[in-house]
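Chain letters run A, B, ... following the sequence lines, proteins first, then strands; residues in each count from 1.
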There are 2 protein chains.
Amino acid sequence: MISDKIYRHKQNILYGVSLALLLFLLKWLELRFIIIDHIFEIYAGAIALIFTALGIWLALKLTKPKITTVVVEKEVFLHTSDFHFNKEEQERLGLSNRELEVLQLIALGLSNQEIAERLFVSVNTIKTHSSRLFEKMEVKSRTQAAEKAKRMRLIP
Amino acid sequence: MISDKIYRHKQNILYGVSLALLLFLLKWLELRFIIIDHIFEIYAGAIALIFTALGIWLALKLTKPKITTVVVEKEVFLHTSDFHFNKEEQERLGLSNRELEVLQLIALGLSNQEIAERLFVSVNTIKTHSSRLFEKMEVKSRTQAAEKAKRMRLIP
DNA sequence: GTAAATATCACCCGAAAGTATGATCTGAAT
DNA sequence: ATTCAGATCATACTTTCGGGTGATATTTAC
């Protein structure tokens, strides 16, 4: 049995355990004295650590965050195909809607007679409109009017 | 004489000076012991101050700045540069260079008279050119010609 | 309501645009 | 040398354009 062996070697075990305890005590005392001998350095190190952390915390909490602004230019390509009517230009020139309508048909290359037929009015009316049109646009012919209208985005 | 007076009070002066020195020594010893008594606290305070400063410095030096990215959209217009003369169309219509020249001036809105002056020829010549032009382009007026020429990329 | 702006139409006239036809002249191709 | 395309010019004629003037509805703004 195992208990029999223990009993037989009782004294040996007791001696061994006592020796182990003594060694442990000695080691513990040694460590204790090391700590006591260096208590000041340890304390100082702890203070250093704590106050470094405090300093970091203070700096992070109390300073304004650093902000670096990076400006990235992004090129946007605009195509002429998407035509946007220039209402401002119409108002600037003081063109009425009817006059603009006539202008658009002139730019398509229609004659006064054709425009009159399309709008169900007389040629004389179209002449009056176009005259006022040229006056307001400061041009002297229908071809110039068409050219200028395209430049000013009054027509596509 | 002054030296006489000093000689006469020699002992008094010696006593006074001795007393003053003694008091000074006592005060010095007192201050020394105060410092020695509190040497640990002073040292700890100094460490705390130094390492707080270190922490602040570390935090300021080593933190990454916040990066704010601002995207600025830069508009790039292509319409002025995207014109490529349509030589094929000119050849398909059978337009001569002179006719094309006249066509371009017509599209600018110039009158026959103005075109004639610019090209140093007579109005009749311009009329001949424009007539042949309209015939080849299958249009009936200068305004139509200008419109069609722009559509066909014969002019910008 | 009245005034101002807009849209409509008419008539006249001169200028410009466009058509038709024909005539040189030149340079390049055959 | 001849042919052919392109450029030039002219004359005659028709059509369209654009300016000028005036008149009448219609709508919009105050």
Before you tell me yes or no, could you show the steps for B:R118 and B:E114 under salt bridge (Lys or Arg N to Asp or Glu O under 4.0 Å), namely the whole-Å CA-CA distance, both residues' side-chain angles and the distance that decides it to 0.1 Å? CA-CA 6 Å; B:R118 187 171 295 201; B:E114 289 167 329; over 6 Å; no

Mind calculating the distance between CD (A:E138) and P (D:dG18) to the nearest angstrom? 17 Å

Can any side-chain N or O of A:N112 pair as donor or acceptor with the backbone N or O of A:K127 at less than 3.5 Å? no

Report the distance from atom CD of A:Q144 to atom P of D:dG19, rounded to the nearest whole Å. 11 Å

Are B:T128 and B:S131 linked by a side-chain donor-acceptor pair shorter than 3.5 Å? no

How long is the line joining CG of A:L105 and P of D:dT16, in whole Å? 17 Å

What does the B/S/- profile of nucleotides 3-17 of chain C look like, 5' to 3', with a 4.0 Å heavy-atom cutoff to protein? ---SSBBBB-----B

Path from B:I155 to B:V102 over hydrophobic side-chain contacts below 4.5 Å: no

Using a cut-off of 6.0 Å, state whether more than 12 heavy atoms not belonging to B:R132 lie near its atom CZ. no

Would B:E89 and B:R153 count as a side-chain contact (heavy atoms from CB on, under 4.5 Å) here? Give the steps. CA-CA 8 Å; B:E89 192 61 28; B:R153 303 190 174 282; over 6 Å; no

Dump the pairs, protein N or O against N or O of nucleotides 25-30 of chain C, anything under 3.5 Å, distances to one decimal.
none

Expressed as a whole number of angstroms, how long is the span from B:E135:CD to C:dT19:P? 8 Å

Taking B:M137's backbone N and O only, do any of them form a donor-acceptor pair with B:K148's side chain (distance below 3.5 Å, no angle check)? yes

Specify the separation, in whole Å, of atom NZ of A:K140 and atom C1' of D:dG19. 9 Å

Is there a side-chain contact between B:L119 and B:T125 in this structure, where contact means two heavy atoms from C-beta onward sitting under 4.5 Å apart? no

